[in-house]
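Chain letters run A, B, ... following the sequence lines, proteins first, then strands; residues in each count from 1.
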Amino acid sequence: MIGKEAALRILMDALSHAGGTAQVALSSGESGLTRYANSVIHQNVSERNVGLSVRAVVGKKIGYARTNSLEKEAVKATVEKAFRFASFQQENPDFVSLPGPRPVPEAEDFSEETASVTPERRADLAGKVLALARKSSVGAAGALSTGYGEYAVANSLGIAAYHRSASAHMSLVGIAEDGGFGYADRMASDIARIDADGLAEEGVRRALDSRNPADIAPGEYDVVLLPYAAADLLEFLGYLGFSALAVQEERSFLCGKFGRKVCGDNITIWDDGLDSRGRITPFDPEGVPKQRVDLITRGVAQACVYDSYTAYKEGKESTGHGSGGAGTWGPYPGNMLLEPGSATVEEMIASTGEGLLVTRFHYTNVIHPIQTIITGMTRDGTFRIENGKIAGPVRNLRFTESALGALSRVETIGRDMKLQGSACVPALKIKGFRFTGATEF
Amino acid sequence: MHEITEAALARAQEAGASYADIRVIRRQHEGIQVKNGKVESLAGEEEYGFGVRVIADGAWGFASSFQADREEAERVAEIAVRIARASARWKQEDVALAPEPAATGVFESPLEKDPFEVPLEEKISLLLDADRILRQRPEVKVAEAEMNFFRDHILFASSEGACIEQIKIESGAGVSATAVEGEEVQRRSYPCSFGGDYATAGYEFVENWDLPANAEWVAKEAVELLHAPQCPPDTLDLILEGSILALQVHESCGHPIELDRVFGTEASYAGTSFLTTDKLGSFQYGSEQVNIVADATIPHGLGSFFYDDEGVVAQRVQIVSEGLFTGYLSSRETAARLGLERSGGAMRADGWNRLPIIRMTNINLEPGDWTLDDIIGETKRGMLMQDIVSWSIDDKRLNFQFGCEVAREITDGSLGKIYKNPTYTGITYEFWGGCDAIASEDEWRLWGIPNCGKGEPGQAAHVGHGVSAARFRNVRVGLMEEQA
C-alpha cells in the first residue's frame, strides 16, 4: 500500500512538472478473485496495479494522459504528454476552471483484514459454499472477490485528497437438476461480514425451489422485485438522466420536469456518498467533496448531479459527482438510495393475489431514454404468486417497461435495504409490470 | 521483456508448476472525442505489465503486476503457483490441455499509415469538420465524432518453449447526431453506432469512411426521425442491414458457441448456452442459407491475430454449415475436454492483468447470392432495419430483443416511410431458421466491435463480424409500441 503521505507526495512531484494548471490523480490497489463453477474453483487470479492520470489545462484547452508506471521519468513524461495534447487542443469556451479546494470529510471504508486476504482464505470461503451446495446436490457457480484501492487527487488550485477503501463481494448461482437456478450475493468492506452460510442457504434454496419451471404467458403482472432486481430500475435512471450533462444536452427524462411529479408519492431517491448503507465515497475523481443530492422527493423531481464542468457552465458549484477519466462521461450519481418502507418480502408476497416474484434481471438495456423504457430478462429464480403464497417456479420472461412508469405504480416498499451495484435499494411491489416475451427455461 | 519471461517461467517451474506461460504487454491508446464543436477529450494512455498463468497440482493459478522487472516476475510467478495450489483443494479432476506445437517468431499486423504518427491536428481537424456538418440542423442537440487507436505489443512465452512476439495496431472512428424535440430523442450514426467501426489497420481505415462526407445525411435522418411514426407492432419479414446484423450474429451466434459458456464456467455472470455439446453436428441452428465461420485469419479483422493468448495459431473454424451447427470457439483446456485434436485458438485476454478466456474472433455470416435491392424487391410486406440502439438476450442466448435506429417500411417490393424506435424480438434458432435470403460477397463487409464484455473481473474484447444484409421471415416487431 502506498499510503496517504506518499501518494500525495507523488502527486505534488507530478504537479511540479506541470507547465500550467493541472489535475493529477493516483489510483493503486491489489485485488484477488476466485471463481467457481460446476462446483470447483476454475479461475483464481490476483492483480497489482497503479494508475497516474493527468488533466492539463492551458487556458481553455485541456489534454489528458495516463500511465501505469510511477517511475519518476514516466510520471514526468505523462505530465508533459498531457500538456502537449492540450497545446493541440481547440479552446473549449464552456470550460471555466478546475475545481478549487473544499473541506473533505474524514470517512474511511477500509478493512485491513479484507486488504490482506490470502488465496488460501479465499479458497476456504469458496470451498465452504461449494460444500454446502454439494450437500444439497446443487451445483455452484459464482465468485469471491476481495481487494483494496487507494485514490488520491491533487490540482494546482490546492486540492489534495486521499481515500482508501476495501471490499469483498461473493456471489452464488445455485444450479439444481430439472432447470432450477437460484441467485444470491453478499457485499461488505469487511470480509468477516461476508455470511457464506447465509449466501449458500439462500442460493441453494432458491435453486431447489425453482426446479421444473412452468410455462407462463407474457402480459402484465403485479411483481415483487427483490433488491437484486429493483436495483436495475434505479441504476438505469442514474445512467439515463440524473446527470447534469444529460439535462444540458436535453436528453434526460428530467428536462422540464424539475418541481413536477415524475413518479409515485411514495418514491424518494437521493445520492449520498457518506451514507454507510452504501459505498463510502467522500470525494469524486476531481477531489470535490460529495454532497447529498435529493433527486426525487415524494415523487417530485428535485435536482440532478454536477461535476465542475457542468456546474460552472450554469454558474453553480459541483455537487462532487464527477466520473473521472478523460471527462467525457459527465457526472454520475454513484451512491443512490431509495427510501425504504416497512414491509418484509414475505408481507409483500402475502398481500399479492396473483403475481410474480422476480429474483433478478439479466442484460437490461435502454430502448428509449426520455421515456425511460428499458428491457431485460428475468433470471435465477422467478416464481408465480397465487393467493398470497409462492405457487411455484415459472420460466423466465422478458420485460419491456418504463422505469419511471414502474416507480409510479409501486404499491409497497420493503424495509430492508441492500447495496447492489451503485444503488442501495429495498424490495419493491409494483402493479402491472409489463412482460413482453418468454423464453424456454 | 525476455529477461522477465525467462525469470517468471523458471521460478514457476521451480515452485512446482507443471505448465506456465507469461504475457508481457505494452498497450498504447489514443482517443479523440469531439462533441458539439469542442474537442471534449484528447487522451493518450499507456499500460505496461505482465501476467503469469500456471498449472500446479492440476489446477490453474494466475497473477499479474504492473512492475515489470526480474524480481517482481519471480514474486508473481510464486503467487500464481500458490493460487493454483489453493484452487487445487477444490478440484474434481486435473486440468488437461490439448497439444499445441510450441511456436516462435515475431509478427506484425499490416497497415499503411501508423495512426500514432499522423499529426494530431490532422485527426482533430477531420473530426471537427464532420461535427460542424452534423450541427447544421438546430434540432441536433448532440453532435459527436470520435476516433480511437490501439497498439498492443505482446510477448508470449511458455514452459513448452513457445516464444511469440506480436504487434497489432487497431483503428476506428464514427459520428452520430442526436436530435431532440420535446420528449422525443432520436439518434443516427455512421458508419455504425456506439463509437463507429474498427479494424486491425492503420489510419487509412479512418480516412476510407470519409466521416465529413457522410455527416449531412446522418443529421438529416436524425431530425426526420423526430417526426416519424412509431414502429407499429406487427409480425412480418425483416431485412437487417450489416450494421445491425453484425450485432445479431454477435449475440445469438458468437456468444452461445463459446465453449466455456457451454461447459458452465460463465454460469454465474454472462450465463450458459443453449448450444450444448449433444447438439454438435445434429442441431439445425438456421436455414440452409446460413453458413457461419469463426475466422481469426481474415486480413484486417478486429478479431484477427497470428496466435491467441495461449500460443495457438489463428484458425478458421466452421460454426454453422448449411444451417447445421458444427463447431465451437475453444481453448486448449475445453478442446481437450470435448475430445478435439487441438484448440480452435480463441483464448484472449484484455491486457496483461487479465486471464485469457474464450472470446470471439471474427464470427462471419458467409455471403449468399442476392443483392439487397433484389431482397427488398421480392419482399411483399416487411421492414428494413439499420443500426443498433439497444440489445438484450437471455442468459442461454435464446430470447433476444434488439432496438434499431431506423426502420423503413417495405410494401410490394418498394421502400416506404420511415419508423422511429423500431424493435424486433425472437428466439435464436427460430429467427435463423427463417433466414431465406443473404446478400452477396459484393455487399459483404467486416465490422469491428471494440467493446464485447465478458468475464470476472470484467474484460472487453475486440471482435469482428463479417455480414451482408439478410432477410428473416415472420419476425415480431414494434415491442415499444406494444408497451405504450
>> At a 4.5 Å cut-off on heavy atoms, which part of Ala59(B) comes close to chain A: side chain, backbone, both, or neither?
In response: neither
>> Working to the nearest 0.5 angstrom, can you tell me the gap between Asn365(A) CG and Gln401(B) CD?
In response: 10.0 Å
>> Below 4.5 Å, heavy-atom pairs only: which of Ser268(B), Gly37(B), Pro119(B), Gly51(B) has the largest tally toward chain A?
In response: Ser268(B)
> Asp395(B), Leu120(B), Val180(B): which one forms the most heavy-atom pairs within less than 4.5 Å of chain A?
Replying inline: Asp395(B)
> Given a strict heavy-atom distance threshold of 4.5 Å, which part of Leu245(A) is in contact with chain B: side chain, backbone, both, or neither?
Replying inline: side chain
> Can you say whether Ile83(B) sits under 4.5 Å from chain A via the side chain, the backbone, both, or neither, judging by heavy atoms?
Replying inline: both
> Top residue by heavy-atom pair count (under 4.5 Å) with chain B, among Asn396(A), Thr118(A), Asn44(A)?
Replying inline: Asn44(A)
>> Just so I understand: if I count every heavy-atom pair under 4.5 Å between each of Gly61(B), Ser65(B), Gly49(B), Gly403(B) and chain A, which residue has the most?
In response: Ser65(B)
> Could you go step by step and tell me if Val39(B) and Phe88(A) meet the side chain to side chain contact (heavy atoms under 4.5 Å, CB included) rule?
Replying inline: CA-CA 10 Å; Val39(B) 183; Phe88(A) 284 113; over 6 Å; no
> Which pair of heavy atoms, one from Ala86(B) and one from Pro119(A), lies closest together, and at what distance?
Replying inline: CB-O, 3.8 Å
>> Evaluate Thr423(B) against Ile367(A) for side chain to side chain contact (heavy atoms under 4.5 Å, CB included), listing each step before the verdict.
In response: CA-CA 8 Å; Thr423(B) 50; Ile367(A) 290 185; 4.2 Å; yes
>> Given heavy-atom pairs under 4.5 angstrom as the criterion, report whether the side chain, backbone, both or neither of Lys91(B) touches chain A.
In response: backbone
> For Glu266(B), is it the side chain, the backbone, both or neither that has a heavy atom under 4.5 Å from a heavy atom of chain A?
Replying inline: both
> Are Glu47(A) and Arg354(B) within salt-bridge range, i.e. N to O under 4.0 Å?
Replying inline: yes
> With side chains defined as the heavy atoms from C-beta onward, is the minimum distance between Arg48(A) and Arg75(B) less than 4.5 Å?
Replying inline: yes
>> Nearest 0.5 angstrom please: His42(A) NE2 to Glu333(B) CD, how far?
In response: 9.0 Å
> So which part of Arg89(B) gets closer than 4.5 Å to some heavy atom of chain A, the side chain, the backbone, both or neither?
Replying inline: side chain
> With a 4.5 angstrom heavy-atom cut-off, which part of Thr265(B) approaches chain A: side chain, backbone, both or neither?
Replying inline: both
>> Under 4.5 Å from any heavy atom of chain A, what part of Arg27(B) do you find: side chain, backbone, both or neither?
In response: neither
> For atom OH of Tyr239(A), is the number of surrounding heavy atoms from other residues, nucleotides or ligands below 6.0 Å larger than 12?
Replying inline: no
> Out of Leu130(A), Asn49(A), Ile175(A), Asp124(A), which one racks up the most heavy-atom pairs below 4.5 Å with chain B?
Replying inline: Asn49(A)
>> Between Ser392(B) and Tyr363(A) (side chain of the first, backbone of the second, donor and acceptor by atom type, cut-off under 3.5 Å), is there such a pair?
In response: yes
>> Would you compute the distance between atom CZ of Arg251(A) and atom CZ of Arg187(B) and round it to the nearest 0.5 angstrom?
In response: 10.5 Å
> Less than 4.5 Å apart, any side-chain heavy atom of Asp260(B) and any of Gln43(A)?
Replying inline: no
>> Once rounded to the nearest 0.5 Å, what's the spacing between atom CG of Asp394(B) and atom CZ of Arg379(A)?
In response: 9.5 Å
> Relative to chain B, which of Asn68(A), Val40(A), Asp94(A), Asn92(A) shows the most heavy atom pairs under 4.5 Å?
Replying inline: Asn68(A)
>> Using heavy-atom distances under 4.5 Å, tell me whether Phe95(A) contacts chain B through its side chain, its backbone, both, or neither.
In response: neither
> Rounded to the nearest 0.5 Å, how far apart are CH2 of Trp329(A) and OG of Ser41(B)?
Replying inline: 12.5 Å
> Side chain, backbone, both or neither: which part of Leu355(B) has a heavy atom under 4.5 Å from chain A?
Replying inline: side chain
> With chain A, which of Trp391(B), Tyr48(B), Phe274(B) has the greatest number of heavy-atom pairs at distances under 4.5 Å?
Replying inline: Trp391(B)
>> One thing to verify: whether Lys81(A) and Glu45(B) come together as a salt bridge, which I'm taking to mean a side-chain N less than 4.0 angstrom from a carboxylate O.
In response: no
> In terms of heavy-atom proximity below 4.5 Å to chain B, should Ala438(A) be classed as side chain, backbone, both, or neither?
Replying inline: backbone
>> Between Phe253(A) and chain B, with a heavy-atom cut-off of 4.5 Å, which part of the residue counts as in contact: side chain, backbone, both or neither?
In response: neither
> Counting heavy-atom pairs under 4.5 Å to chain B, which of Met377(A), Arg398(A), Glu71(A), His368(A) comes out on top?
Replying inline: Arg398(A)
> Non-hydrogen atoms of chain A under 4.5 Å away: do they reach the side chain of Leu128(B), the backbone, both or neither?
Replying inline: side chain
> Side chain, backbone, both or neither: which part of Asn353(B) has a non-hydrogen atom closer than 4.5 Å to chain A?
Replying inline: both
>> Run the side chain to side chain contact (heavy atoms under 4.5 Å, CB included) test on Trp60(B) and Arg35(A) for me, step by step, so that the C-alpha distance in whole Å, both residues' side-chain angles and the decisive distance to 0.1 Å come before the verdict.
In response: CA-CA 11 Å; Trp60(B) 286 114; Arg35(A) 263 186 124 185; over 6 Å; no
> Using non-hydrogen atoms only, which part of Thr67(A) is less than 4.5 Å away from chain B: side chain, backbone, both, or neither?
Replying inline: both
>> Could you report the tightest heavy-atom contact between Phe263(B) and Asn38(A), atom names first, then the distance?
In response: O-ND2, 2.7 Å
>> Between Glu183(B) and Lys257(A) (salt bridge meaning N to carboxylate O under 4.0 Å), is one present in this structure?
In response: yes
>> Counting only heavy atoms not in Tyr269(B) (residues, nucleotides, ligands), do more than 12 fall under 6.0 Å from its OH?
In response: no
> Do you know which of Glu120(A), Arg122(A), Gln90(A) has the most heavy-atom pairs with chain B at a distance under 4.5 angstrom?
Replying inline: Glu120(A)
> So, for Ala37(A) and Gly264(B), which heavy atoms are closest and what is the spacing to 0.1 Å?
Replying inline: CB-O, 3.4 Å
> Considering all heavy atoms of both residues, which atom of Lys128(A) and which atom of Trp90(B) are nearest to each other, and what is their separation?
Replying inline: N-CZ2, 4.5 Å
> Top residue by heavy-atom pair count (under 4.5 Å) with chain B, among Thr34(A), Val173(A), Ile41(A)?
Replying inline: Ile41(A)
> What's the shortest heavy-atom distance between Gly182(B) and Ile370(A), and which atoms?
Replying inline: O-CD1, 4.3 Å
> Quick check: are there more than 12 heavy atoms from other residues, nucleotides or ligands sitting under 6.0 Å from CD of Glu93(B)?
Replying inline: no
>> Need one label for Val142(B): side chain, backbone, both or neither, based on atoms under 4.5 Å from any heavy atom in chain A.
In response: side chain
> What's the spacing between Lys38(B) NZ and Gln89(A) CD if we round to 0.5 Å?
Replying inline: 11.5 Å
> Counting heavy-atom pairs under 4.5 Å to chain A, which of Lys141(B), Glu46(B), Glu47(B) comes out on top?
Replying inline: Glu47(B)
>> How close do Gly437(A) and Asn399(B) get, counting heavy atoms only, and between which atoms?
In response: C-ND2, 4.0 Å
> Which is it for Ile427(B) and Glu440(A) under the side chain to side chain contact (heavy atoms under 4.5 Å, CB included) test, yes or no, and what are the steps along the way?
Replying inline: CA-CA 9 Å; Ile427(B) 295 290; Glu440(A) 298 180 355; 3.8 Å; yes
> What part of Glu251(B) lies closer than 4.5 angstrom to a heavy atom of chain A: side chain, backbone, both or neither?
Replying inline: side chain
> With a 4.5 angstrom heavy-atom cut-off, which part of Ala84(B) approaches chain A: side chain, backbone, both or neither?
Replying inline: neither
